[in-house]
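For reference, the structure is listed below as structure tokens.
Atom set for the values below is all heavy atoms of this structure, side chains included, hydrogens, waters and symmetry mates excluded.
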Amino acid sequence: PSFFRERVDFDFGGWARPSLISHGAHPGDQNIRDLDTRWWMQATLDDLHKFYLRTQLRFTDYNHGAGVDTWDGMNLDQAFYEVDLNRATGEYAGWKPFRGTWVVATGRQFEKLGRGLAYGRVDHSVVFRVTEGNWKVKGLVARTVHDSADFDRSRPTRSRSDRAFWGAEVKYQGGDRHEPYLFGLTQDDQNNQRPYNERQNFRYDSRYYGAGLSGELFPRLRYQAEGVMEQGESQAYNTATQPRDLSSDIEAYAFTGALE
């Protein structure tokens with residue numbers, strides 16, 4: 001139909017990533033072959049509305065006697081909708097309330113703050129990306145995919161996760177060759193402990209504060225640097241022999257950098 005030819009663009013594709021893991025006292029003792037495949041499709045309406053879908057199929061092959069070969073999938077990897085609100089109001093209402101771009105994306109999607117050291121993952125989320133002049137602002141509200149593995153592997157419900165995130169990032173792009181940015185993130189542990197253990201709690205609530213800088217040192221040589229501080233409270237350690245509501249302070253620091 002002419003509607004689709006004139007207003008809808010459709011793309012699709014896929015990729016595969018094979019890997020080999022070998023360990024043991026002798027070559028070939030424990031070989032694990034893994035094939036991770038992703039298939040995606042994307043439709044764009046009026047060059048404004050973006051609909052994206054990606055699936056995952058994974059096959060793991062073990063040496064004879066080392067494990068059971070497994071197929072995992074076909075699973076939903078990502079599915080989200082994205083629109084530039086400023087351009088959309090200009091296209092359909094004839095006026096633009098803002099000067100820059102105001103993009104909102106919602107669904108199951110990958111998002112990150114900074115270089116992804118504190119947050120870089122696939123979750124159910126709503127993300128706002130605003131560009132006004134030399135400033136870029138990003139805000140997100142997210143919740144973990146329920147059947148995803150929890151990062152606390154000590155808890156009895158580690159095969160599923162229920163955590164909420166909200167955060168924001170501000171980047172200044174007005175410099176000649178350097179772009180500084182700041183971000184903050186809060187993680188709220190909402191997991192229900194099953195089975196219940198009256199002597200052990202696993203709650204982990206954390207906050208992250210980060211600052212970074214990226215830019216060009218020389219022609220064809222770019223750099224990225226980021227530092228993150230983590231604070232919060234944890235009840236995952238030593239509560240088996242202490243009062244169950246005993247909590248420990250979280251304090252951690254991390255740094256990452258790259259040249260490319």
> Salt-bridged, Asp147 to Arg160, with N to O below 4.0 Å?
Replying inline: no
> Quick one: does Ser161's side chain have a donor or acceptor within less than 3.5 Å of a partner on Thr144's backbone?
Replying inline: no
> Does atom CZ of Arg17 have more than 12 heavy-atom neighbours, drawn from other residues, nucleotides or ligands, at distances under 6.0 Å?
Replying inline: no
>> Per the ring pair (Phe, Tyr, Trp, His ring centres under 6.0 Å) rule, what does the pair list look like for residues 207-234, sequence neighbours excluded?
In response: His178-Tyr223
> In terms of hydrophobic clustering (I, L, V, M, F, W, Y; side-chain heavy atoms under 4.5 Å; direct or indirect links), are Leu76 and Val122 co-clustered?
Replying inline: no
>> With heavy-atom distances below 4.5 Å as the criterion, would you say the side chains of Gln56 and Asp36 are in contact?
In response: yes
> Who else is in the cluster with Tyr52 when I, L, V, M, F, W and Y are joined by side-chain contacts under 4.5 Å?
Replying inline: Trp40, Phe80
>> On a heavy-atom basis, which atom in Leu185 and which in Phe165 lie closest, and how many Å separate them?
In response: CD1-CB, 4.0 Å
>> Any heavy-atom pair between the side chains of Phe183 and Lys171 that's under 4.5 Å?
In response: no
>> A side-chain contact here means heavy atoms from C-beta on lying under 4.5 Å apart; do Leu259 and Leu217 qualify?
In response: yes
> Side chains of Ser206 and Gln187: do they bring a donor and an acceptor to under 3.5 Å?
Replying inline: yes
> Between Asp34 and Thr60, do the side chains contain an N or O donor and an N or O acceptor separated by less than 3.5 Å?
Replying inline: yes
> What's the verdict on side-chain contact (heavy atoms from CB on, under 4.5 Å) for Tyr172 and Trp135, showing C-alpha distance, side-chain angles and the deciding distance?
Replying inline: CA-CA 5 Å; Tyr172 179 68; Trp135 295 92; 3.6 Å; yes
> Okay, side chain of Asp189, backbone of Asn191: is any donor-acceptor separation there less than 3.5 Å?
Replying inline: yes
>> With clusters defined by side-chain heavy atoms of hydrophobic residues (ILVMFWY) lying less than 4.5 Å apart, directly or transitively, does Trp39 cluster with Leu57?
In response: yes
>> Less than 6.0 angstrom from the centroid, inside 45 degrees of the normal: does Arg121 satisfy that with respect to the ring of Phe151?
In response: no
> Under a 4.0 Å N-O cut-off, is there an ion pair linking Asp47 with Arg87?
Replying inline: yes
>> Working note: Lys136 + Arg129, criterion side-chain contact (heavy atoms from CB on, under 4.5 Å); need CA distance, chi angles, decisive distance, verdict.
In response: CA-CA 7 Å; Lys136 291 185 68 175; Arg129 305 183 188 95; over 6 Å; no
> Under a 4.0 Å N-O cut-off, is there an ion pair linking Arg143 with Asp162?
Replying inline: yes
> Between Phe12 and Phe10, what is the ring plane arrangement, given parallel below 30°, perpendicular above 60°, and tilted in between?
Replying inline: tilted
> Quick check: does any side chain N or O of Gln173 sit under 3.5 Å from a backbone N or O of Glu179, one acting as donor and the other as acceptor?
Replying inline: no
> For Gln190 and Ala164, which heavy atoms make the closest approach, and how far apart are they?
Replying inline: NE2-CB, 3.7 Å
> What is the ring orientation for His49 with Tyr92, classed by angle as parallel under 30°, tilted 30 to 60°, or perpendicular over 60°?
Replying inline: parallel
> Under 3.5 Å, is there a donor-acceptor pair linking the side chains of Tyr119 and Glu111?
Replying inline: no
> Closest heavy-atom contact between Tyr253 and Met229?
Replying inline: CE2-CG, 3.4 Å
> Ion pair present between Arg54 and Asp77, side-chain N to carboxylate O less than 4.0 angstrom?
Replying inline: yes
>> I need the minimum non-hydrogen distance between Ser148 and Val145, along with the two atoms involved.
In response: OG-O, 2.5 Å
>> I'd like to know if the side chain of Lys138 and the backbone of Lys112 have a donor-acceptor N/O pair within less than 3.5 Å.
In response: yes
>> Tell me whether Asp188 is salt-bridged to Arg203, with the criterion being a basic N under 4.0 Å from an acidic carboxylate O.
In response: yes
> When rounded to the nearest 0.5 angstrom, what is the spacing between CG in Leu113 and CG in Leu182?
Replying inline: 12.0 Å
> Donor-acceptor pair, Asn86 side chain versus Phe98 backbone, under 3.5 Å?
Replying inline: yes
> Side chain of Glu82, backbone of Val103: donor and acceptor closer than 3.5 Å?
Replying inline: no
